Visitor: 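One structure coming up, written as structure tokens, with questions to follow.
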Amino acid sequence: MKKYLNRNIAITLVIAINVPLFSFAQQVKLKDLTGDSKANYFFANIQSVEFLSHPLFERALFINAYLIYDSEATPTDYFVGTDEILSSILISIRPDGDYYTESKLYKMEGLENPKILVIQEGVFPDVIVEVEYGKKNKRKTERIKLTSE
């Protein structure tokens with residue numbers, strides 16, 4: 001009888017301890033961002049992720065770079081007879097930590113077949129982005145200085 005009593009007490013304790021854990025379990029919170037037309041446009045048109053949390057200056061800054069299809073930056077007469085569009089590059093520079101309000105966001109727009117060749121440190125807080133773009137036989141390369149401040 002004592003053996004069954006100890007087992008029942010043990011089972012009761014396990015249930016009593018775990019019930020609060022189940023009732024406070026994390027739940028999915030869904031937030032509809034459809035109304036944010038600019039964010040919706042960018043996310044719907046991501047072509048590729050070029051850099052994700054790329055560290056610079058000994059992890060003081062992190063770079064995210066996204067290549068997007070950008071019909072808004074394509075002149076109507078740029079591609080005659082086709083439905084092609086130009087691309088743009090979105091670059092986010094954020095300091096270490098959760099400082100998204102202090103992050104910088106840049107858009108290099110209206111590029112044909114762009115490719116980021118390199119992202120490198122300049123003189124702090126500057127970041128150098130080397131981009132190649134243009135038609136297959138007429139490629140151009142530019143170095144662009146961005147600042148994190």
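Every value quoted in this text rests on a predicted model; they were computed, and no experiment measured them.
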Visitor: Tell me the closest heavy-atom pair linking Asp70 and Ile85, and the distance in Å.
Guide: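 Minimum heavy-atom separation between Asp70 and Ile85: N-CD1, 3.8 Å.
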Visitor: Which residues pass the side-chain hydrogen bond (donor to acceptor under 3.5 Å, both in side chains) test with Ser148, sequence neighbours left out?
Guide: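 None.
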Visitor: Can you see which heavy atom on Arg143 is nearest to which on Ile128, and at what distance?
Guide: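 Closest pair (atom of Arg143, atom of Ile128, distance): NH2-CG2, 3.3 Å.
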Visitor: Which atom pair, heavy atoms only, marks the closest approach of Tyr41 to Tyr69?
Guide: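 Heavy atoms of Tyr41 and Tyr69 come nearest at OH-O, 3.9 Å.
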Visitor: By ring-ring contact (aromatic ring centres under 6.0 Å, His included), which residues pair with Tyr106, not counting sequence neighbours?
Guide: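 Partners of Tyr106 by the ring-ring contact (aromatic ring centres under 6.0 Å, His included) criterion come out as none, since no residue qualifies.
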Visitor: Minimum heavy-atom separation for Val129 to Met108, with atom names?
Guide: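 Scanning both residues completely, I find the closest heavy atoms to be CG1-CE, 3.8 Å.
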Visitor: Under 3.5 Å, sequence neighbours excluded: what are the donor-acceptor pairs made by side chains of residues 77-84?
Guide:
| residue | atom | partner | partner atom | Å |
| --- | --- | --- | --- | --- |
| Tyr78 | OH | Glu112 | OE1 | 2.9 |
| Thr82 | OG1 | Glu84 | N | 3.4 |
| Thr82 | OG1 | Glu84 | OE2 | 3.3 |

Visitor: Tell me whether Glu109 contacts the main-chain N or O of Ser88 through its side chain, where contact means a donor paired with an acceptor under 3.5 Å.
Guide: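 A pair under 3.5 Å: no.
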Visitor: Going by side chain to side chain contact (heavy atoms under 4.5 Å, CB included), Leu111 matches just one of Leu67, Leu86, Ile89. Which one?
Guide: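 Between Leu111 and the candidates, side chain to side chain contact (heavy atoms under 4.5 Å, CB included) is satisfied uniquely by Ile89.
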Visitor: For the side chain of Arg139 and the backbone of Asn113, is there at least one donor-acceptor N/O pair under 3.5 Å apart?
Guide: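 Side chain of Arg139 to backbone of Asn113: a pair is present.
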Visitor: Thinking salt bridges, do Arg59 and Asp96 make one under a 4.0 Å N-O criterion?
Guide: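 Between Asp96 and Arg59 there is no salt bridge, as every charged N stays at least 4.0 Å from the carboxylate O atoms.
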Visitor: Is the number of heavy atoms from other residues, nucleotides or ligands under 6.0 Å of Lys140 NZ greater than 12?
Guide: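 Atom NZ in Lys140 is not packed in, count stays at 12 or less.
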